[in-house]
Structure formats: C-alpha cells, structure tokens
Amino acid sequence: MSFDPQQRPLYEVKAGLFKGLSHPIRIRILELLSNEVELSVAQLQADTDLEASHLSQHLTVLRHHHLVVSDRRGSHVYYRLAYAEVSELLTTARGLLLRIVSADGARAADAAALPPVGSAT
C-alpha cells in the first residue's frame with residue numbers, strides 16, 4: 001500500500017496513538033485518569049503498585065503520544081488526560097472488549113468486573 005506523501009504523517013500520528021495504548025499498564029493509567037480530573041504521580045503509583053521508575057516510563061510514553069499532560073506544583077507532578085476524547089475512546093474500547101469476550105463466560109465476567117471508565121467530573 002502506498003501513501004500519499006501528505007497523508008503519511010497523519011497515519012504516523014494515528015499509529016503513535018495506538019502505540020501509546022499498546023500496554024495494559026498504560027490503559028489502566030488512562031482509565032484511572034478518566035475517573036478523576038487529575039492525579040498526582042504518588043496517587044498513580046499507589047493505584048498501580050508500580051515502582052516509580054516503571055510508572056515514569058509509562059507516563060513518558062503517554063506524554064510522548066499526547067494522551068496525557070502534566071503540571072508540576074511544588075514538589076508534586078499531576079497528570080490529566082490531554083483530551084476528553086481519550087476517555088471516550090477507552091469507553092468505546094471497553095464496550096468492544098465486552099462484545100469480543102461475551103462468548104467466553106469466564107472472560108466476560110472478568111471484563112464486566114473491570115472498574116468503570118470516564119466518571120470524571
């Protein structure tokens with residue numbers, strides 16, 4: 001498949017978006033951020049049980065792909081979703097996941113028990 005030279009950068013950005021979403025921990029981080037206006041790194045670390053260095057690596061990938069933004073306030077760094085559509089995308093993906101696993105009763109129950117996405121106010 002050939003790309004129109006003007007379209008290629010858009011496809012690369014789109015691929016980058018999915019790269020940012022391509023790890024289960026990053027999905028969980030985005031879900032956590034979907035449920036809050038913002039979270040500190042300390043809160044994210046407590047909610048994910050990750051070592052600080054691993055959390056930092058995942059947050060760097062999410063920042064690089066423009067899925068989250070951060071603010072430093074004093075000695076604390078806070079993260080939030082870069083766009084509300086990230087939460088919408090996660091909600092849509094959750095619905096698709098439930099449809100995909102619905103044929104497998106055990107997996108469907110596990111998927112249905114996942115914490116909610118997108119209840120931030």
Side-chain angles (χ1 to χ4, degrees):
M1 174 180 175
S2 63
F3 288 97
D4 177 322
Q6 292 178 320
Q7 293 175 336
R8 185 172 179 91
L10 293 175
Y11 282 108
E12 289 171 356
V13 171
K14 192 174 193 179
L17 167 69
F18 288 104
K19 275 185 189 174
L21 297 169
S22 69
H23 194 283
I25 294 295
R26 291 196 290 271
I27 297 288
R28 182 64 185 134
I29 291 167
L30 292 171
E31 287 181 347
L32 290 167
L33 292 170
S34 291
N35 293 326
E36 302 292 338
V37 174
E38 67 182 7
L39 289 170
S40 69
V41 171
Q43 290 168 305
L44 287 168
Q45 190 174 5
D47 288 342
T48 60
D49 291 325
L50 290 174
E51 293 179 20
S53 62
H54 290 139
L55 177 60
S56 177
Q57 290 171 353
H58 288 295
L59 290 169
T60 297
V61 171
L62 292 171
R63 260 193 337 270
H64 176 76
H65 293 294
H66 308 286
L67 293 166
V68 299
V69 293
S70 63
D71 290 313
R72 179 175 293 280
R73 288 184 225 133
S75 62
H76 299 282
V77 178
Y78 293 85
Y79 280 85
R80 65 182 180 282
L81 296 179
Y83 304 97
E85 290 85 354
V86 174
S87 181
E88 295 170 21
L89 179 63
L90 293 169
T91 300
T92 299
R94 175 74 60 92
L96 178 59
L97 168 69
L98 291 172
R99 291 193 66 184
I100 289 169
V101 301
S102 65
D104 181 343
R107 288 178 64 194
D110 290 344
L114 289 169
V117 175
S119 64
T121 55

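All of these numbers come straight from a predicted model, not from anything done at the bench. Values below: every heavy atom of this structure, side chains too, minus hydrogens, waters and symmetry copies.
Looking at E31 and R94, their side chains come closer than 4.5 Å, going by heavy atoms from C-beta outward.
A distance-only check finds no donor-acceptor pair linking the side chain of E38 to the backbone of Y79 [under 3.5 Å]. At distances below 3.5 Å, at least one donor-acceptor pair connects side-chain atoms of H65 with backbone N or O atoms of G16. Put simply, the side chain of S56 never gets that close to the backbone of S53: no donor and acceptor are under 3.5 Å apart.
Linking Ile, Leu, Val, Met, Phe, Trp and Tyr residues whenever their side-chain heavy atoms come within less than 4.5 Å places L59 and L32 in a single cluster. Under the 4.5 Å side-chain heavy-atom criterion for ILVMFWY residues, a single connected hydrophobic cluster contains both Y83 and I29. If you chain together hydrophobic residues whose side chains sit under 4.5 Å apart, Y78 and V41 never meet in one group. Transitive grouping of hydrophobic side chains (ILVMFWY, heavy atoms separated by less than 4.5 Å) keeps I100 and F18 in distinct clusters. When the side chains of ILVMFWY residues are joined at heavy-atom separations under 4.5 Å, either directly or via intervening members, L21 and V86 end up in a single hydrophobic cluster.
Here the CG atom belonging to L30 is positioned 9.0 Å from the CG atom belonging to L89, to the nearest 0.5 angstrom. Separating the CG atom in N35 from the CG atom in L81 is a distance of 9.5 Å, to the nearest 0.5 Å. Taken from CG in L55 to NE2 in H58, the straight-line distance is 8.0 Å, to the nearest 0.5 Å. Note that CG of L33 is 10.0 Å distant from CD of Q43, once rounded to the nearest 0.5 Å. Summarising the geometry, atom CG belonging to L114 is positioned 8.5 Å from atom CZ belonging to R28; distances are rounded to the nearest 0.5 Å. To the nearest 0.5 Å, atom OG of residue S102 and atom CG of residue L97 are 10.0 Å apart.
Within a 6.0 Å radius of NE2 in H64, other residues, nucleotides and ligands contribute 12 heavy atoms or fewer.
Of all heavy-atom pairs between A112 and L98, the closest is N-CD2, 3.6 Å. The two residues S34 and L90 make their nearest non-hydrogen contact at OG-CD1, 3.4 Å. Here the closest heavy-atom approach between residue P5 and residue P9 is recorded as O-CD, 3.4 Å. Closest approach of L62 and G20 over heavy atoms only: CD2-O, 3.5 Å.
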As a quick check of understanding, evaluate side chain to side chain contact (heavy atoms under 4.5 Å, CB included) for L17 and V13, giving each step before the final call.
CA-CA 6 Å; L17 167 69; V13 171; 5.9 Å; no
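Screening L39, V68, D71 for a side-chain contact (heavy atoms from CB on, under 4.5 Å) involving R80 leaves a single residue, D71.
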